[in-house]
Each structure stands twice: as structure tokens, then as C-alpha cells.
Amino acid sequence: MSELREAVRLDSPAGDVWAFVTDPANFPLYVNGYAGGQVETAERFGIGARYRWMAHLGPWTLHAVEEVTGWVQGSRVEYEGSIAGVPFRSWMAVAPEGEGSVLSIGVNYDLPPRRGGALTAVALSRTVRRAMRRSLAVVERRFAPAEKIELERVAHVYGFWGRNPVLYAAQDFVTFMGRPGRVRGAAVDALGLAPGAGVLEVACGTGRNFAHIQRAIGPAGRLTGFDFSSEMLEAAGTLCRRRGWTNVRLVQGDAAALDTGETDYDGVLSVLGMSAIPAWREAIARCRARLRPGGVLVVCDARLLPPPLSVLNPAVRKVYGRLAAWEPERDIPGAMLEIFGTVEVQTLNAGTMFIARAVAP
Ligand SMILES: C[S@@+](CC[C@H](N)C(=O)[O-])C[C@H]1O[C@@H](n2cnc3c(N)ncnc32)[C@H](O)[C@@H]1O
């Protein structure tokens with residue numbers, strides 16, 4: 001009988017994880033393919049507790065019965081049972097690690113010879129392993145901080161746009177109401193850059209502001225593009241190579257922990273970034289920390305439509321929320337005012353865009 005094992009690291013304390021995974025009320029939440037079941041004994045926990053349940057596997061419904069055969073409170077539980085007539089032994093173990101914990105699971109089973117040969121055994125072990133991983137992924141999400149989940153969403157959404165930069169450029173035209181160059185140019189102008197300046201663009205995406213920045217700083221200037229999405233950065237790198245810009249450095253990371261190794265930028269720019277970055281307030285504070293005294297932060301972002309077009313806002317919000325992780329309700333100029341002590345705001349494109357400018361004291 002060979003054992004399949006999987007494990008996941010969680011940010012939550014072992015006690016919380018233990019309470020969640022051993023409570024039969026939560027089996028429907030994380031057991032992969034769970035399709036109903038019940039506790040058969042008066043005791044729901046501890047040695048002797050017995051569970052009967054079903055799981056969907058493709059077109060089949062598998063019936064399982066299992067009994068708790070080992071229980072070390074807070075750290076390990078063992079089960080013995082059978083699923084679709086195949087006997088198994090399984091276990092779950094939770095151990096503290098740093099501020100979080102590690103959840104490990106293991107399954108042993110013997111496929112009766114009459115149930116198939118080596119191929120069936122391989123296919124079954126792949127299926128079981130996949131089911132184990134899916135269950136652990138559910139637990140991982142259950143205990144992940146909200147911002148980590150939002151960052152995963154950013155990576156997913158912008159992974160798509162980064163792989164399709166031409167499509168991204170097409171949506172740009174719609175987002176900026178046919179005037180992307182004008183608005184992007186105005187945002188870069190607001191930085192007041194001189195030739196030779198050092199600029200950081202936070203959430204630079206595929207580099208659609210780079211040409212405007214290059215025009216302002218010239219070949220003697222330096223530009224750092226920072227983004228969470230590797231795919232967006234890859235598209236930005238392709239653009240730089242195509243345009244022959246050798247003064248651009250691209251850095252991958254979360255703007256909430258923004259660090260490029262430099263703290264003396266003349267200007268920091270973020271266009272349509274702060275409405276997508278999960279920890280956006282922290283990101284604004286980090287932008288300020290990267291500026292030299294007198295350096296300028298410019299944030300250009302989108303707002304919901306003003307009346308009478310505001311009737312379209314539920315649809316606009318839904319589409320851009322889904323396709324761009326857009327959160328339009330954030331008071332970005334308000335946060336800049338708090339962090340810098342001053343902010344100037346200009347509105348463009350019939351009130352759907354703003355450019356906010358703050359100077360580091
Ligand atoms: C709407 S796009 C804007 C891209 C570019 N600034 C532009 O003007 O086209 C939003 C960008 O924010 C980036 N982003 C979202 N969350 C981020 C984070 N936490 N840290 C860094 N970049 C982030 C995305 O990967 C994406 O490239």
C-alpha cells in the first residue's frame with residue numbers, strides 16, 4: 001500500500017486550521033467533489049466517530065464510509081474506511097510553523113487486482129492526488145488574507161492582458177474615450193520632468209506611458225517600470241527592445257512592498273494602477289518614500305460616469321471590475337492629501353478621468 005502525501009503552508013495559527021479541517025460540518029466546504037453525507041455516531045469528533053459521505057467523480061457518485069482511528073488533539077487525526085469499495089487509510093496533520101502552520105494530508109489505499117491493472121492504478125493515483133490538491137487549495141483560500149486573494153486575482157486578470165498586449169492597447173482606446181495619448185501625455189507633463197530625470201512608474205503594465213516619459217527625460221534619464229504581473233512586464237520589455245530604450249529597468253513586485261533599491265526619484269507615476277492595486281494606500285505611502293524631497297507623484301485614474309451616463313455605471317463597474325480588477329470607489333486624491341499634506345487634482349474626459357499631483361516635502 002503506497003502513500004500519497006500533500007501539504008500546504010498557511011498564514012493562520014495551527015489551532016484555527018485544526019478546528020476547521022476536523023469539523024465534519026466543514027467537509028462539504030473542502031472535500032473535493034463532496035456530494036452529501038452524515039455523521040453516523042453520537043460523537044462528531046475523536047476516536048470512533050464515523051462518517052458516511054458521497055463524492056462526485058466525473059459521471060459517477062462514489063460512496064464512502066470512514067471512522068476516526070487516531071486522534072491527537074490539535075495535531076493529528078487518522079481515518080480508516082472505504083470509498084467505492086476500495087479500502088483506504090488517511091490522515092491529516094497540522095503543525096505550527098512560524099506565525100502560521102502547515103497542513104499535511106496523506107492517503108493509503110490498495111486497488112483490488114480485479115479493479116484493473118497498472119494503468120488504472122496510475123490514473124487513480126493521479127485523480128486522488130488532484131483531489132487532495134484541490135481540497136488543500138480550498139483550505140488555503142479559506143485562510144489566506146483578503147489581500148493575497150486579491151493579488152492572485154490581479155495576477156490572473158493581468159496575466160491575460162500581458163499575453164495579449166495588442167488587445168490591451170485596443171481596450172485602452174475605449175477606456176480613455178479615444179484619447180489615450182492625450183491623457184497619458186498630460187499625466188507625464190504633470191510630473192514636470194527635466195531631461196536626465198529619474199522616474200519610477202508604479203503598475204507600469206505593458207509600458208504604454210514609456211514613450212511619453214522617454215520624450216521628457218531623454219536618453220540621459222532613467223526609468224524604472226514596476227509591476228506585479230510578470231506577463232505585463234514581459235510585454236513592456238518587448239516594447240523597450242523594439243524601441244531601443246536602454247535606460248529602462250523593469251522590476252516585478254507588489255506595490256504594497258514597493259522597493260526598487262532607489263529612493264531619489266524625481267517623479268513617480270501611476271496610471272490606472274492605484275484603482276487596481278489591492279493595498280493601494282500602502283502603495284501611495286511607498287511611492288512617497290521613493291521620491292527625493294521636492295519630487296512629484298502623479299496618479300492618473302478613472303472614475304465612474306457622471307450623470308446622465310451614470311445609469312451605465314453598474315455595467316461599467318461590473319465589466320471593468322472583472323476585466324481589470326478596477327475598484328473605482330477609492331478616494332485616491334484624499335489618500336494622497338493625507339500622505340503628502342497637499343494635492344492638486346484636474347479632471348479630464350468629461351469627468352471620467354483625473355490627474356492628481358502631490359509634491360514630496
Ligand atoms: C489597468 S493596468 C494599468 C497599466 C499601465 N499603468 C497603463 O497605464 O496602461 C493596472 C496595472 O496594475 C498592476 N498591478 C495591480 N496590482 C499591483 C500591485 N499590487 N503591485 C504592482 N502592480 C500591480 C497590474 O499588473 C496592471 O499592470
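Counting starts at 1 for both ligands and their atoms, in listed order.
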Check: Name the residues in contact with ligand 1, where contact means a heavy atom under 4.0 Å away: which are they?
Finding: L151, V154, Y158, Y168, R184, E201, A203, C204, G205, N209, D227, F228, S229, M232, G253, D254, A255, V271, L272, A276, I277, P278
Notebook entry, point to check: If you draw the axis of the six-membered ring of F20, does the NZ or CZ of R142 fall within 45° of it and under 6.0 Å from the ring centre?
Noted result: yes
Check: Among all residues two or more places apart in sequence or in another chain, which pass the ring pair (Phe, Tyr, Trp, His ring centres under 6.0 Å) test with W53?
Finding: none
Check: What are the two closest heavy atoms between L10 and L103, and how far apart are they?
Finding: CD1-CB, 4.0 Å
Throw together a table of side-chain donor-acceptor distances under 3.5 angstrom for residues 342-355, partners on residues two or more places apart or in other chains.
unit_1	atom_1	unit_2	atom_2	d
N349	OD1	R179	NE	3.0
N349	OD1	R179	NH2	2.8
N349	ND2	F176	O	2.9
T352	OG1	N349	O	2.6

Check: Can you tell me if T224 uses its side chain to pair, donor with acceptor, with the backbone of R249 under 3.5 Å?
Finding: no
Notebook entry, point to check: Quick one: hydrophobic cluster around V166, which other residues, with the 4.5 Å side-chain cut-off, linked directly or via members?
Noted result: none
